[in-house]
Amino acid sequence: MSVPNAGIAASAEYVDAEDSKNTDAQIVGLSGDTDRPVAPDQFDPKHESTKKEIWSYYSYYIGNNGLTLFNFGPTSFQNLMYEAAGDSEILYFWGRDRTINSIVLLTNGVSFAIQVVLFLLLGALADYGRWRPWILVFWSVIAFAVGYAWLGVHTEDRWHAGVGLYMVGLIAYQMCITFWTAAFPGLARNTPEMRRKAEEYEAGEISRDEYDFHDMMQRNRISNVAFIAQSAGEIIILAILVGILFALNVNASQENNNWGLSVLIAYCNSWWILLAIPWFLFEKHRPGQPLPEGLNYVTVLPWTLWRAIVQIWELKQTLLYLVGYFLLGDSLNTTVTVIGTLQNSVVAYNTLTLTYLYIVGITAQLIGIWGFWTVQKRFKLSTKVMFNAVMAGILLLDAWGMIGIWTQKFGFHNVWEFWLYQVVYGLFVCPWYSYSQIMISEVTPRGKEFLFFSLFSIMGKTSAFIGPIVSSAIIDASPTGNNSLPFYFLFGLTALSLGLLAFFVDLKKSRKEQTAFLERENVARKRRASVLSAERYLGKADNDQL
């Protein structure tokens, strides 16, 4: 649990947000001793992160590895559409004839637009009280239901149902992954290691920069180890899956292959359920921020959003990263979708081949993230340095895709390229999924994690809404329907975001801006409490006169 300006001594004064009304101790968290440094995090022994809790956090991500709704679900969806369309590769969808690739990009955009609304509503509320873990539980249950529903959708005549399952599944998956991710700063800042560093800082044994460095490394450790554990677990899941596919004899016929896709979705879904249970049981429901005086869970939504809109302009480094994250997320999301669409066409949706490809990709991801984290620890590099290296890998993918515009020899047109893509993507691009989230935690004010992670998710989903639709329009406008044309757009977008993020985002400036942001938030809370107190006093005085 993190609250603004709440140190070791202050933690004794902090009153649980759900069990009492606002006090200055809750709002400011000061111990009264202003002559010594105060650690910016609060440490309550009953909320200290345990190894069991942290490993259950990793366990959830091993289950929610994306195979169910982010990988094989879209594959089954596209497979059924190709069977229904035949050689024409055109289906009537939403009022007009469209190519399969155009339908995929369009449904991606619409599902991401829906996510924007959901993140806006839930993200603004999740930092208050203890109820936010239930958001993850709810959307996990929705995802579990969609995973098993695919067992009933494996013939071409049900491709419309596949559209619905694909869209709902993608929404549920993104909600789960975002609200799971937003928990890691709180886990990192409640570890015994950070408690000891806070004690050393408050005793004057280390500087604030040293404290911030250890905070950064704890967040990097939990995020990166989560991805490493997920990669290792996913390899085991996929290895077992190969045996299941042989047992189903998926290469015997198209019907067997279709049924195999549905079975493997349900199989991976079962792992997700099993591995999610420990996190649901062992996550500590740490109290979030107290509700501002006079507000409830309904009225705090517009207040929080208005405060964020007004005050976020003072977080200049956060805004710079937000813009860069928007552009780079747009590029990467669409790049993966376009390459995935090309890959599925080239390998003819063979379930066994796709599984082998995923095993290669996940193995490369394991090596890549482990390698990045090992280098970072060894040379004590910042999150920003590691993130810059990842951006270079994304630019490489888009450059390779552009080659395919002019030739069929290279540029994601051959089976061997997709094997190579899985390796390059895993080694140099997959660390994005860890380091981009750590970067969000770097520019997020303490105690505002769920709000800001939701805001960044909104921007990420908005970008994913725009990119696929632009790419779809580019393909539709092409006389030849060249599926590689979007790489022009994607390469330029990646280069622009790389320049912005690498040269203009300053994390030290961001920390100073966050401190000022939280101070203004405290002032606003005090002012509101003071006004309401005065109104109650005047109202009581008027009643006494009557």
Side-chain angles (χ1 to χ4, degrees), residues 2 61 119 123 174 177-189 209 212-228 312 315-333 368-369 372-373 375-377 379-395 428-464 493-494 496-515 517:
S2 297
Y61 192 42
F119 281 121
Q174 295 293 349
I177 204 67
T178 297
F179 282 95
W180 169 83
T181 303
F184 86 86
L187 277 177
R189 288 168 175 159
D209 285 343
D212 288 337
F213 174 80
H214 287 287
D215 173 33
M216 177 197 74
M217 293 303 287
Q218 281 295 316
R219 284 181 282 114
N220 274 270
R221 178 178 68 86
I222 288 182
S223 180
N224 283 314
V225 173
F227 278 82
I228 292 169
I312 199 172
L315 296 170
K316 295 181 177 58
Q317 298 302 313
T318 304
L319 282 174
L320 282 173
Y321 181 66
L322 187 65
V323 173
Y325 180 82
F326 174 91
L327 296 175
L328 195 60
D330 192 359
S331 174
L332 181 57
N333 286 330
I369 297 178
F372 268 66
W373 173 228
V375 170
Q376 184 180 13
K377 286 191 299 181
F379 297 101
K380 301 186 184 301
L381 301 175
S382 70
T383 306
K384 174 78 179 299
V385 170
M386 308 309 296
F387 184 70
N388 289 345
V390 174
M391 290 192 289
I394 299 173
L395 192 66
F428 302 109
V429 178
C430 281
W432 149 271
Y433 297 104
S434 179
Y435 283 101
S436 65
Q437 301 304 307
I438 301 168
M439 281 289 290
I440 294 174
S441 72
E442 295 278 4
V443 298
T444 295
R446 282 171 165 81
K448 299 285 187 179
E449 285 81 14
F450 283 82
L451 170 60
F452 275 75
F453 269 84
S454 293
L455 290 176
F456 273 91
S457 290
I458 288 172
M459 295 304 292
K461 304 322 161 194
T462 302
S463 70
L493 203 57
T494 300
L496 175 63
S497 55
L498 188 153
L500 175 65
L501 292 169
F503 297 107
F504 294 97
V505 173
D506 187 323
L507 296 183
K508 285 189 176 181
K509 287 183 180 179
S510 178
R511 282 191 284 272
K512 293 179 181 178
E513 292 173 354
Q514 292 167 42
T515 299
F517 176 91

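- One distance of note links CD of E442 with CD of Q514; it measures 8.5 Å at 0.5 Å rounding.
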Criterion side-chain contact (heavy atoms from CB on, under 4.5 Å) on V323 and F504, from CA distance to verdict: CA-CA 11 Å; V323 173; F504 294 97; over 6 Å; no
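- Going from atom OG of S441 over to atom CG of N220 covers 7.5 Å, rounded to the nearest 0.5 Å.
- The side-chain heavy atoms of R511 and K508, taken from C-beta on, include a pair separated by under 4.5 Å.
- Under the side chain to side chain donor-acceptor pair (under 3.5 Å) criterion, T181 pairs with no residue, sequence neighbours left out.
- Ring geometry, F179 versus F450: the interplanar angle falls under 30°, so the pair is classed parallel (tilted spans 30 to 60°).
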Worked check of side-chain contact (heavy atoms from CB on, under 4.5 Å) between L328 and W432: CA-CA 10 Å; L328 195 60; W432 149 271; 3.2 Å; yes
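- How far CD1 of I438 is from OG1 of T444: 12.5 Å, rounded to the nearest 0.5 Å.
- In F517, the CZ atom is crowded: over 12 heavy atoms of neighbouring residues, nucleotides or ligands sit closer than 6.0 Å.
- When only modelled atom types and interatomic distance are considered, R221 and Q218 share a side-chain donor-acceptor pair under 3.5 Å.
- No side-chain donor from either of Q174 and T178 sits under 3.5 Å from a side-chain acceptor of the other.
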Stepwise ring pair (Phe, Tyr, Trp, His ring centres under 6.0 Å) test for Y325 and F456: CA-CA 8 Å; Y325 180 82; F456 273 91; 5.4 Å; yes
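- Formation of a donor-acceptor pair under 3.5 Å by the Q317 side chain with backbone atoms of V443 is not found in this model.
- Residue R189 holds its CZ atom at 10.5 Å from CD1 of I222, rounded to the nearest 0.5 Å.
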Pair Y435-Q376, side-chain contact (heavy atoms from CB on, under 4.5 Å): steps then yes or no: CA-CA 11 Å; Y435 283 101; Q376 184 180 13; 2.8 Å; yes
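- Proximity of M391 to N388: side-chain heavy atoms (C-beta onward) are separated by under 4.5 Å at one or more points.
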Trace of the ring pair (Phe, Tyr, Trp, His ring centres under 6.0 Å) decision for F227 with Y61: CA-CA 8 Å; F227 278 82; Y61 192 42; 4.9 Å; yes
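- No side-chain heavy atom of L498 sits less than 4.5 Å from a side-chain heavy atom of I394.
- Here L315 contributes atom CG and L320 contributes atom CG; the two are 11.0 Å apart, rounded to the nearest 0.5 Å.
- A donor-acceptor distance shorter than 3.5 angstrom exists from the side chain of K384 to the backbone of V505, with no hydrogens or angles considered.
- Between the side chains of Q437 and S223, no donor-acceptor pair is found at a separation under 3.5 Å.
- Nearest heavy-atom pair across L381 and M216 is O-CE, 3.9 Å.
- Using the six-membered ring where Trp is involved, F387 and Y321 have ring planes that are perpendicular, over 60° apart on the 30 and 60° scheme.
- For the atom pair CE of M217 and CG of D215, the computed distance is 11.5 Å after rounding to the nearest 0.5 Å.
- Considering every non-hydrogen atom in both S510 and T318, the closest pair reads OG-OG1, 4.1 Å.
- Side chains of N224 and F372 form no contact here, defined as non-hydrogen atoms less than 4.5 Å apart.
- Proximity of a side-chain donor or acceptor of S331 to a complementary backbone N or O of L327 within less than 3.5 Å is not detected.
- C430 approaches I369 most closely through the heavy-atom pair O-CD1, 4.2 Å.
- With hydrogens and angles ignored, the 3.5 Å screen pairs no side-chain donor or acceptor of E449 with any backbone N or O of P185.
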